[in-house]
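Numbering of ligands and ligand atoms starts at 1, following listing order. We number each residue from 1, following the sequence as shown.
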Amino acid sequence: MQIQEAIEKRRSIRHYVDKKIKEEDIARILKAGTLAPSAHNKQPWFIHVVENQKTKEQIADILMQKEDESIKNTARIMKEASVLFIIFEEKTDLSVKMQHQSIGAFMENMCLEATELGIGSLWIGHILEVEKEIKELFHEKRKVACALALGYTEVNPSPRPRKNLKDMIQIHDDEEEVE
Ligand SMILES: Cc1cc2nc3c(=O)[nH]c(=O)nc-3n(C[C@H](O)[C@H](O)[C@H](O)COP(=O)(O)O)c2cc1C
């Protein structure tokens with residue numbers, strides 16, 4: 001698959017079938033993440049790879065405690081996924097913005113590699129709503145960054161709408177310089 005195709009095909013997948021992802025594919029997805037750029041090459045991420053169903057359910061149960069229906073839906077998805085990556089922030093001397101941009105690059109590389117392998121993915125921010133409980137569950141001192149759900153799917157969601165490019169850019173060409 002060409003990179004353009006993976007970029008266009010990637011979707012947030014919220015329904016997974018009961019089929020295990022091969023260890024070698026999990027390794028390929030992680031490897032793609034590690035090849036992402038990061039500020040000063042600090043690679044400020046640490047990942048708990050959760051394949052164990054009981055642990056997935058413990059994470060989902062924590063999220064289920066929240067009133068918000070969209071958080072409960074994310075919990076259901078996490079339980080259904082074949083594998084969950086819980087991404088923590090490795091402590092560095094990077095600024096918060098540099099740290100988070102680096103983790104964003106790491107995440108997107110993994111989503112694209114999963115697409116290439118025919119595996120669905122969901123980037124999960126809702127895990128931040130239960131950071132304290134997740135740190136306790138994993139006996140972690142590191143901060144929670146986000147999570148990634150991975151699994152095979154039978155759904156094929158249509159692309160979500162995107163803003164028009166013209167509404168988000170300002171071109172500074174030879175005729176239009178910054179005053
Ligand atoms: C930082 C970040 C956090 C997100 N958190 C969640 C989440 O907790 N639950 C969820 O269902 N989707 C989550 N998403 C997925 C977005 O809703 C999705 O990317 C967006 O609606 C565009 O759809 P698409 O990914 O299919 O193009 C998150 C995406 C990002 C980048």
Side-chain angles (χ1 to χ4, degrees), residues 1-17 29-30 32-33 36-39 43-50 55-90 94-135 137-138 140 142-165 167-168:
M1 192 185 283
Q2 297 291 312
I3 187 74
Q4 181 71 18
E5 196 184 343
I7 290 169
E8 285 177 9
K9 275 196 167 168
R10 186 210 55 79
R11 297 280 182 280
S12 289
I13 296 298
R14 296 185 173 87
H15 294 278
Y16 298 104
V17 295
I29 294 167
L30 286 164
S38 64
Q43 303 160 63
W45 43 70
F46 186 89
I47 308 99
H48 284 262
V49 178
V50 182
T55 310
K56 279 186 258 170
E57 282 172 19
Q58 282 174 296
I59 297 167
D61 288 347
I62 291 171
L63 280 156
M64 280 289 179
Q65 306 296 318
K66 295 281 167 185
E67 294 291 312
D68 186 318
E69 282 307 315
S70 71
I71 298 180
K72 287 187 194 295
N73 194 38
T74 297
R76 191 263 311 148
I77 298 162
M78 293 178 95
K79 215 183 314 193
E80 223 175 80
S82 172
V83 183
L84 287 179
F85 294 169
I86 312 298
I87 293 99
F88 289 83
E89 288 188 39
E90 198 63 85
L94 293 175
S95 68
V96 172
K97 284 185 184 178
M98 291 285 214
Q99 184 98 348
H100 291 176
Q101 287 176 54
S102 303
I103 291 173
F106 170 74
M107 290 294 287
E108 182 64 359
N109 262 22
M110 293 197 292
C111 291
L112 292 176
E113 182 69 23
T115 306
E116 152 94 18
L117 293 169
I119 294 167
S121 62
L122 181 68
W123 185 330
I124 294 170
H126 277 149
I127 193 96
L128 291 168
E129 302 287 330
V130 290
E131 172 156 23
K132 186 171 154 281
E133 295 87 337
I134 294 295
K135 284 174 71 167
L137 181 68
F138 287 94
E140 265 294 353
R142 299 174 179 94
K143 287 183 182 167
V144 174
C146 52
L148 183 69
L150 294 164
Y152 290 97
T153 190
E154 283 172 352
V155 299
N156 185 16
S158 308
R160 300 285 322 275
R162 292 298 194 257
K163 293 181 188 172
N164 286 323
L165 191 56
D167 296 331
M168 60 176 85

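When each atom of ligand 1 is checked for a heavy atom of Arg11 under 4.0 Å away, the hits are 26 (O).
Residues His126 and Leu63 share a closest heavy-atom pair of O-CD2, 3.5 Å. Minimum interatomic distance between Lys72 and Glu67 (heavy atoms only, all atoms of both residues): CE-O, 3.7 Å. Of all heavy-atom pairs spanning Arg76 and Met64, the tightest one is N-CE, 4.1 Å. Closest heavy-atom contact between Trp123 and Gly104: CH2-O, 3.5 Å. Between Ile13 and Leu122, the shortest heavy-atom contact is O-CB, 3.5 Å. Taking all atoms of both residues into account, the shortest heavy-atom contact from Trp45 to Ala36 is CH2-O, 4.2 Å.
Side-chain atoms of Glu116 do not come within 3.5 Å of backbone N or O of Leu112 as any donor-acceptor pair.
By the criterion of a heavy-atom distance under 4.0 Å, both the backbone and the side chain of Ile124 are placed next to ligand 1. In His100, neither the side chain nor the backbone holds a heavy atom less than 4.0 Å from any atom of ligand 1. At a heavy-atom cutoff of 4.0 Å, ligand 1 is contacted by the side chain of Arg10 but not by its backbone.
Tested against Ile86, the residues Thr55, Ile47, Ile59 include a single side-chain contact (heavy atoms from CB on, under 4.5 Å) partner, Ile59.
Protein heavy atom at the shortest distance from atom 19 (O) of ligand 1 is Ser12 OG, 3.2 Å. The protein atom (non-hydrogen) at minimum distance from atom 9 (N) of ligand 1 is Thr74 OG1, 3.0 Å. Of the protein's heavy atoms, Gly125 N, 3.5 Å lies nearest to atom 3 (C) of ligand 1. When only non-hydrogen protein atoms are considered, atom 31 (C) of ligand 1 lies nearest to Trp123 CD2, 3.6 Å.
In terms of polar-atom proximity, defined here as any N/O pair under 3.5 Å, Leu122 makes no such contact with ligand 1. In terms of N/O distances under 3.5 Å, ligand 1 is approached by His126.
When the heavy-atom distances from atom 17 (O) of ligand 1 to Glu129, Arg14, Arg160, Glu108 are ranked, the shortest goes to Arg14.
Using a 4.0 Å cutoff on heavy atoms, Arg162 counts as a contact of ligand 1.
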